[in-house]
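Not measured: the values here are computed from a predicted model. Throughout, residue positions are numbered sequentially from 1 according to the sequence presented.
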Amino acid sequence: MIRQSNTRVANPLVELQNLGQSVWCDNISREMLQTGELLRLIGDDGLRGVTSNPTIFEKAINGSNHYDDAIRSLVKSGAEVEAVYEALVTDDIQRGADLFLPAYRETQGQDGFISLEVSPKLARETEATIQEARRLWNRVNRPNLMIKVPATPEGLPAIEQLIGEGINVNVTLMFSMDHYVQVASAYLRGLRRLEQAGRPLTVSSVASFFVSRVDTVVDKLLEERMAKPGADSRRLEALLGKTAIANARLVYRRFREIFGGPEFQSLRAKGARVQRPLWASTSTKNPRYRDVLYAEELVGPDTVDTMPPATITAFRDHGKVRLSLEENLDDAEQVFAQLAEVGIDMKAVTGKLQDDGVRLFAESFDVLMKSLSEKRETLKRA
C-alpha cells in the first residue's frame with residue numbers, strides 16, 4: 001500500500017510574497033466574479049490585486065453572455081451606450097474591490113488594489129483626464145481603487161494633480177527609463193502637494209512598466225538586420241530576448257536610487273509610500289522563450305507583477321522563485337550599448353510603443369462601444 005505524503009508543495013505564487021513581490025491578475029470579468037474564480041485566486045494563490053484596461057473589458061463583455069441580463073436591464077431603463085458601459089464596469093470594479101478589502105486592511109493600505117482606467121480617448125488631454133479620474137474615483141467609492149492614467153506628456157501633470165488630491169493612481173503605458181523617471185518625479189511632486197496641504201501622505205501608486213512588448217519589437221528589428229547580407233548574425237542573435245529584462249532591471253535600479261534617496265526619506269518619515277514598479281505585459285509572446293521568463297527574471301522587493309491568467313497558471317505549475325531583479329546589471333547596460341551599436345534607437349522604439357498602446361486601447365474602446373450600441377438597439381426592438 002502506497003501512503004500519500006502530507007507535505008504540501010509550496011505554491012511559487014505565494015513564495016513571491018516572501019520576497020516582497022505582490023502578484024496581481026491582469027484580468028477582470030463578471031464570469032470570474034460569479035464563478036468564484038477571483039476569490040479562489042485570492043485564497044489559494046495569494047493574489048493581491050487586479051488590473052483592467054479597455055481591451056480587457058472589451059474581451060470580457062463581448063466574449064461572454066454574463067453581462068446580457070445587466071445590459072437588458074440598463075437598456076430598459078433608457079440608459080445610453082456610454083452609461084451602459086460605465087454601469088457594467090463600475091459594478092465589476094466595485095465587486096472586485098470588495099473582495100480585496102481584507103488584503104487592503106491587512107497590509108494597512110499597502111496592497112489589495114483594483115485598477116480602473118480613464119477613457120483612452122483622453123490620453124492627450126490633461127484637464128479632461130483629471131476630471132474623469134475624479135468622477136470615477138467618486139463613483140466607484142472604494143478606498144482600494146486605483147485610477148489608471150497613461151504616462152503620456154499630457155498624463156504626467158494629471159498624475160501629479162491626482163496624487164496631490166489623495167487619489168490612488170496606477171500609471172500605465174511606460175516603456176523607457178525616461179518614462180519612468182518622469183513618472184516617479186510626478187509622484188514625488190504630488191506627495192509634496194499633499195504635504196503642503198497638511199493632508200496624510202498615505203496615497204498609493206504603482207508605475208506600470210511594460211515588458212514583453214519591448215522584446216517583440218526589438219527582436220523583430222534584430223531579425224531584420226540578421227537577414228541582411230554580411231550581417232554579424234551571431235552578435236545580433238545573442239541580443240534576442242534580452243532587451244525587455246535589461247530595460248526593467250535598469251529601471252528597478254533607478255527606483256531603488258530615487259526611493260532610497262534623501263528627498264523621499266523625508267516624505268517616508270511622514271508616512272509616504274514608495275511608488276512600486278509594476279511589471280505589466282509579463283506574458284511571453286515568443287513561443288521560443290520560456291512561458292514564465294519575465295515573471296522569473298523580474299522578482300524583487302517593493303514590486304508588483306500583474307500576470308494574465310495563463311501566466312498565473314504556468315507560474316503556479318513550474319515557476320522558479322529567486323531574487324532576480326538585481327542580477328547582471330552590468331550585462332543589462334551592455335545590452336543597451338550593443339543595441340545602439342547595431343543601429344537600434346531605443347528612444348524611438350519606446351516612444352512608438354507608447355503611442356501604439358494609446359491607439360490600441362482606444363480601438364478596443366471603440367469596438368466595445370460599437371458592440372454595446374448594436375446590443376442596445378437589438379434589445380430595444382425586442
Side-chain angles (χ1 to χ4, degrees), residues 23-104 112-120 132 135-148 170 172 280 283 306-313 360-380 382:
V23 176
W24 293 4
C25 182
D26 193 25
N27 194 40
I28 181 72
S29 69
R30 191 143 304 183
E31 182 177 7
M32 292 176 70
L33 294 163
Q34 290 177 342
T35 63
E37 173 65 9
L38 184 56
L39 193 59
R40 188 198 66 74
L41 288 167
I42 293 170
D44 293 351
D45 295 326
L47 195 72
R48 286 294 182 92
V50 158
T51 51
S52 70
N53 60 48
T55 300
I56 285 171
F57 278 119
E58 186 271 317
K59 291 178 179 177
I61 295 171
N62 284 341
S64 77
N65 58 8
H66 289 272
Y67 294 87
D68 288 358
D69 288 344
I71 294 171
R72 189 174 291 108
S73 177
L74 288 162
V75 169
K76 285 183 178 179
S77 72
E80 298 295 330
V81 174
E82 290 198 2
V84 171
Y85 161 76
E86 193 166 300
L88 297 176
V89 168
T90 299
D91 188 44
D92 280 3
I93 293 293
Q94 287 175 326
R95 292 167 65 181
D98 291 344
L99 293 180
F100 285 107
L101 271 175
Y104 177 79
F113 291 97
I114 189 164
S115 299
L116 175 60
E117 190 158 349
V118 295
S119 169
E132 176 84 343
R135 190 179 64 78
L136 292 173
W137 174 258
N138 290 323
R139 173 158 184 174
V140 174
N141 193 29
R142 296 294 190 276
N144 56 332
L145 173 69
M146 279 190 173
I147 300 295
K148 285 182 87 170
N170 176 342
T172 188
S283 61
T306 179
M307 304 183 192
T311 305
I312 287 176
T313 299
L360 290 169
F361 282 161
E363 288 175 358
S364 293
F365 187 78
D366 286 340
V367 169
L368 179 54
M369 291 298 104
K370 184 175 184 293
S371 65
L372 282 177
S373 179
E374 291 169 353
K375 280 189 178 184
R376 179 176 178 275
E377 293 305 313
T378 299
L379 291 171
K380 280 174 67 177

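- Distance alone, capped at 3.5 Å, is enough to place a donor-acceptor pair between the Ser371 side chain and the Leu368 backbone.
- Remark: Ile42 CD1 to Glu37 CD distance equals 10.5 Å, nearest 0.5 Å.
- Looking at Ile312 and Leu47, their side chains come closer than 4.5 Å, going by heavy atoms from C-beta outward.
- Legend: ring pair (Phe, Tyr, Trp, His ring centres under 6.0 Å) pairs involving residues 71-92, not counting sequence neighbours, sorted by first then second residue: Tyr85-Phe365.
- Of the inter-residue distances, the one linking Ile71 atom CD1 with His66 atom NE2 reads 12.5 Å to the nearest 0.5 angstrom.
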I would like to know whether Val81 and Lys370 meet side-chain contact (heavy atoms from CB on, under 4.5 Å); could you show each step before the answer? CA-CA 9 Å; Val81 174; Lys370 184 175 184 293; over 6 Å; no
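- Glu132 has its side chain out of reach of Ile147: every pair of non-hydrogen atoms, C-beta onward, lies at least 4.5 Å apart.
- Without hydrogens or angle criteria, Ser64 side chain to Ala60 main chain gives a donor-acceptor distance under 3.5 Å.
- With hydrogens and angles disregarded, no donor-acceptor distance shorter than 3.5 Å links the side chain of Asn170 to the backbone of Met146.
- Between Tyr67 and Leu372 there is no side-chain heavy-atom pair separated by less than 4.5 Å.
- Using a cut-off of 4.0 Å between Lys/Arg side-chain N and Asp/Glu carboxylate O, Arg95 and Asp98 are scored as not salt-bridged.
- Side-chain contact check for Leu116 versus Val140: some heavy-atom pair is nearer than 4.5 Å.
- The shortest side-chain heavy-atom distance between Trp24 and Met307 does not fall under the 4.5 Å cut-off.
- Here the side chain of Asn53 pairs a donor or acceptor atom with the backbone of Thr55 at under 3.5 angstrom.
- Taking each heavy atom of Asp26 and Pro308 in turn, the nearest pair found is CB-N, 3.8 Å.
- Side-chain contact between Asn27 and Lys59: absent, with no pair of heavy atoms (C-beta onward) separated by less than 4.5 Å.
- Here the shortest heavy-atom pairing between Lys375 and Ile61 reads NZ-O, 3.8 Å.
- Thr311 pairs by the side chain to side chain donor-acceptor pair (under 3.5 Å) definition with nothing, not counting sequence neighbours.
- Other residues, nucleotides and ligands contribute only 12 or fewer heavy atoms inside 6.0 Å of the CD atom of Glu82.
- Here CZ of Arg139 is found 11.5 Å from CG of Asn141. Values are rounded to the nearest 0.5 Å.
- Counting heavy atoms from C-beta outward, Arg30 and Asp91 have side chains that approach closer than 4.5 Å.
- Side chain of Ser115 to backbone of Ser52: no donor-acceptor contact under 3.5 angstrom is found.
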Check the pair Phe100 / Phe113 against ring-ring contact (aromatic ring centres under 6.0 Å, His included), numbers first and verdict last. CA-CA 7 Å; Phe100 285 107; Phe113 291 97; 9.5 Å; no
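- Residues Ile56 and Ser364 have side chains not in contact (no heavy-atom distance under 4.5 Å, counting atoms from C-beta outward).
- Proximity of a side-chain donor or acceptor of Thr313 to a complementary backbone N or O of Pro309 within less than 3.5 Å is detected.
- In terms of heavy-atom proximity, Ala97 sits nearest to Ile114 at CB-CG2, 3.6 Å.
- Val118 approaches Leu136 most closely through the heavy-atom pair CA-CD1, 4.1 Å.
- Scanning all heavy atoms of the two residues, the minimum distance from Ala103 to Arg48 falls at CB-CD, 3.9 Å.
- Minimum heavy-atom separation, Thr306 to Ala280: CG2-CA, 3.8 Å.
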Could you go through Ile28 and Leu38, starting from their C-alpha distance and side-chain angles, then the distance that decides it, and tell me whether this counts as side-chain contact (heavy atoms from CB on, under 4.5 Å)? CA-CA 8 Å; Ile28 181 72; Leu38 184 56; 4.0 Å; yes
